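For reference, the structure discussed in these notes is given below.
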2 protein chains.
Amino acid sequence: MVFVLERLFNPESIAVIGASNEKGSIGYTIFKNLLNSFKGELFAVNPNHPEIQGKKSYRSIKEINREIDLAIIAVPAKIVPKVLEECIEAKTKYVIIISAGFSEVGNMKLAKELEEIAKKSKKMRILGPNCFGILNIKHNLNATFIDSSRTKIPEAGGISLVSQSGALGISLLDLIAKNRGGIAKFASYGNAMDISEVELIDFLAKDRDTSVIAIYIEGTKNGKEFLRALKEASAKKPLIVLKGGKFEETSKATLSHTGSLAGKAEIYRAAFKQAKAIEAENIVELVNFSRIIEKQPLPKGNRVLVITNGGGCGVIAADHAIKEGLKLAELSNSTKKKLSEILPEIATVANPLDLTGGANTEHYRAAIEAGLKDDNVSSIVVIALFALPSLNYELVDAFPKKPKKPILFIALDSASIKLIDKLETKGISCFTNIYEGLKSLAMLTEFAKSRSNR
Amino acid sequence: MVFVLERLFNPESIAVIGASNEKGSIGYTIFKNLLNSFKGELFAVNPNHPEIQGKKSYRSIKEINREIDLAIIAVPAKIVPKVLEECIEAKTKYVIIISAGFSEVGNMKLAKELEEIAKKSKKMRILGPNCFGILNIKHNLNATFIDSSRTKIPEAGGISLVSQSGALGISLLDLIAKNRGGIAKFASYGNAMDISEVELIDFLAKDRDTSVIAIYIEGTKNGKEFLRALKEASAKKPLIVLKGGKFEETSKATLSHTGSLAGKAEIYRAAFKQAKAIEAENIVELVNFSRIIEKQPLPKGNRVLVITNGGGCGVIAADHAIKEGLKLAELSNSTKKKLSEILPEIATVANPLDLTGGANTEHYRAAIEAGLKDDNVSSIVVIALFALPSLNYELVDAFPKKPKKPILFIALDSASIKLIDKLETKGISCFTNIYEGLKSLAMLTEFAKSRSNR
């Protein structure tokens, strides 16, 4: 069962059933995304048109007359049973049912009908229905209806994202892209009539391209297997989980959207803890935790050095560090001595290290280098207010490439945000919000500690 | 004493002592900002140059030979005593000492010297030293060294901001501007050798242009007066406060930056509560709380309606609403009936109200109107994922102008962020983060409740 989903993410042939010429429709966008991304054989299935987006259109998947690796179904709910039967007859290996309108809207009869049909094949596997598709960035596979003119798709990287909700999956991808996180694989699994989060987690745990697994889940149908999958995966790589539907009122809401009743938050929280999965409190944390753990080395302790050119900003950053369980590093005497020779006369060598309003690139470079060399420092947080005229964009040069300790840059004003792209390329994790940055660093520190205790 | 600071914020004549021709210097930027903004009489004082930025330069403030309303001092610390003496001799009314290098860097001798000089005049009032200046947007007064090519200055509005830290003041202004908040007055008061937060709060409490007071404070020198000022001000208008230096370690850090030892967080927390001031946990909250309370009407209850086109987003928003103490509104039967006639067939009329992926502007309009009319609904949160192709930018038309109930828009993807400017203009408060939006709405709801209990 281990690599059972390998071919789903790496198909050599794809048929889009419901491929369309109507701009803005789901069938149009999926087919277009595949035309633009997929290197394998691509087929359009639509009995009403001889051609779809310039490619020959088949009347049914059977008419293609060969075994297709992956069929994507984007037709109205009531037609899904018929085309699913045809997929079985055509010996299709994997099916993604994008279409909605089944158990999640209370149409249990149609949902049941689908399940009965699915039972006819022991081989064919189904993702969905009511889902958003999959991505495999390295395989150039975009089998989703993301409109790339509206939503950013992340670059290739090590985060794989599994989302029960399609819509939230889109938001998360967009947020990951905006924050320069990199994606390996993405799957939205919707009503989970066959393939569930359990199998996806099992697959991603063994997937070489995946270094971090991020999960949005509302409710599982098999708590025992879910816990087992979480445990096994987290023994191999970090897992970040966000649970939706935490209260009785919101648990009801999940029924009408993925057809699953969300379980009690406390039970899930306990399961995450037992499995050593990291729980995020909101979608921003899910993204931040994933990208910092993907990008930064693990800190060898909890002592952070805060470097700033604005006293108040240093105070606030240090407040958040301590609140989140980190400690302010006590600089060694030799570091103190060295810095006092290099830094502006007005600056006090302390932590937070306020380089004062006159600080320039050289002062920042000296401070960062000192922090990297000092064994008392586990991680470094850099804040640079660009409102102060002594700084310019050469500040990027003050940062090392791929540092051996975690370095965060916190961009607090509009001007310093312009540094983010270059800093992220160098391996620095950037934030526009002090407390989100420090909370992410605290999570990374906690993770490093739990890892070293194993 | 009441309007004692009136003339500080509304001077008719200003002299900049240390005005400079050297681009990027503080004396250059302050003088340039005033040249570009101030409508009154402006004088440059710099004995080394006959002209500053095209204006005649005086050798000293005394040479101007008239009583100046406001002198701004931006010269090296050791020269400050001399020019301060001259200000007294010239009968200057207000002085802002921008210069740093006094008690905050441990130079107590120089600090003492300044205090002795200040005592010679009973009339002249001093803001600073070690501060960032003031803004009075309606009076076209920018007496700060904000470099407008680097930092955004907010438009005119009702928020007045008092910041002990200059650097954090800049970040906050930039963040307010970025989030379309409007500013009345701004003051950074630094070491507070004369004018402190107490007088500034007293003044802003009576200032007609100020509808919300936002404060960043590390420590006060007069706790009793500070509490009195907070109490009196909060009886008149909302106060949002962020305390910096909450821990022993960070309290030490404030010493070397505004020369004041920050007091214990618990004592401040208790004082804020007693004074009915609203405490923000971080700078983003300080900005969000200020702008939502400035912009939105007070809700008549705690029952929120969540409208979305993505099920998972609705679940998450509802989770945060409940977590923050809000309740999901139970729609009236007539509302339910009306909506079920208008909304997409696939949509379930519930709360969160998931209009489903096919929702368009008309569906959003119907949902928002229904929420505004239904007495069971106190406030409305709207999420629109633009990744879904059935939406376009006409969605702005679905929102009323200046609604009678609070309406929040949460932009979850890159495309929907483009709606924010137009929606803010209509009076909708926009967020790019679900939990920050819901936390702000919860704060507004709590404030409305406490207000109605008075």
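Because only heavy atoms are used, hydrogens play no part in the values below, and waters and symmetry mates are left out as well, while side chains stay in. Note that the structure is predicted; figures quoted are calculated from it, not measured. Lettering follows sequence order; numbering is per chain, from 1.
Of the atoms belonging to A:K323, heavy atoms from both backbone and side chain fall under 4.5 Å from chain B. Proximity to chain A (any heavy atom under 4.5 Å) is shown, for B:F247, by both the backbone and the side chain. Heavy-atom distances place the side chain of B:I170, and not its backbone, under 4.5 Å from chain A. Heavy-atom distances place the side chain of A:E436, and not its backbone, under 4.5 Å from chain B. Residue contact with chain A, scored on non-hydrogen atoms closer than 4.5 Å, is absent for B:A347. Contact of B:L353 with chain A is not made at all, since no heavy-atom distance falls under 4.5 Å. Both the backbone and the side chain of B:L412 come within less than 4.5 Å of a heavy atom in chain A. Contacts of B:L172 with chain A are absent, with no heavy-atom separation under 4.5 Å from either backbone or side chain. Contact annotation for A:A100: both backbone and side-chain heavy atoms come within less than 4.5 Å of a heavy atom of chain B. Proximity to chain A (any heavy atom under 4.5 Å) is restricted, for B:L242, to the side chain, taken from C-beta onward. At a 4.5 Å heavy-atom cutoff, B:K327 makes no contact with chain A through either its backbone or its side chain. In this structure, chain B has a heavy atom under 4.5 Å from the side chain of A:I417, while its backbone stays farther away.
Considering only heavy-atom pairs separated by less than 4.5 Å from chain B, the leading option among A:V306, A:L391, A:N351 is A:L391. Comparing A:L328, A:T151, A:L168, A:N282 by how many heavy-atom pairs each has under 4.5 Å with chain B, the most go to A:N282. For the set A:I434, A:L173, A:L175, A:N433, the count of heavy-atom pairs under 4.5 angstrom toward chain B peaks at A:N433. For chain A, the option among B:I316, B:D319, B:T432 with the highest count of heavy-atom pairs below 4.5 Å is B:D319. Your options are B:S390, B:G169, B:A387, and the one with the most heavy-atom pairs under 4.5 Å with chain A is B:A387. Your options are A:I322, A:T308, A:I146, A:N309, and the one with the most heavy-atom pairs under 4.5 Å with chain B is A:I322.
No hydrogens or angles considered: nothing links the side chains of A:D147 and A:T29 as a donor-acceptor pair under 3.5 Å. Looking only at atom types and distance, the side chain of A:S416 has a donor-acceptor partner in the side chain of A:D413 under 3.5 Å away.
Rounded to the nearest 0.5 angstrom, B:R150 CZ and B:D174 CG are separated by 12.5 Å.
Of the possible donor and acceptor atoms, none in the side chain of A:N191 sits under 3.5 Å from a partner among the backbone N and O of A:N130.
A salt bridge is absent between B:K243 and B:E285: the closest approach of a Lys/Arg side-chain nitrogen to an acidic carboxylate oxygen does not fall below 4.0 angstrom.
Using bins of under 30°, 30° to 60° and over 60° for the plane-to-plane angle, the ring pair B:Y393/B:F386 lands in the parallel bin.
For A:S99, there are no side chain to side chain donor-acceptor pair (under 3.5 Å) partners, not counting sequence neighbours. Under the side chain to side chain donor-acceptor pair (under 3.5 Å) criterion, B:N107 pairs with no residue at all, not counting sequence neighbours.
Using a 4.5 Å heavy-atom threshold, the side chains of A:V80 and A:P129 count as separate.
Pairing each heavy atom of B:V315 with each of A:G244, the nearest pair is CG1-C, 3.8 Å.
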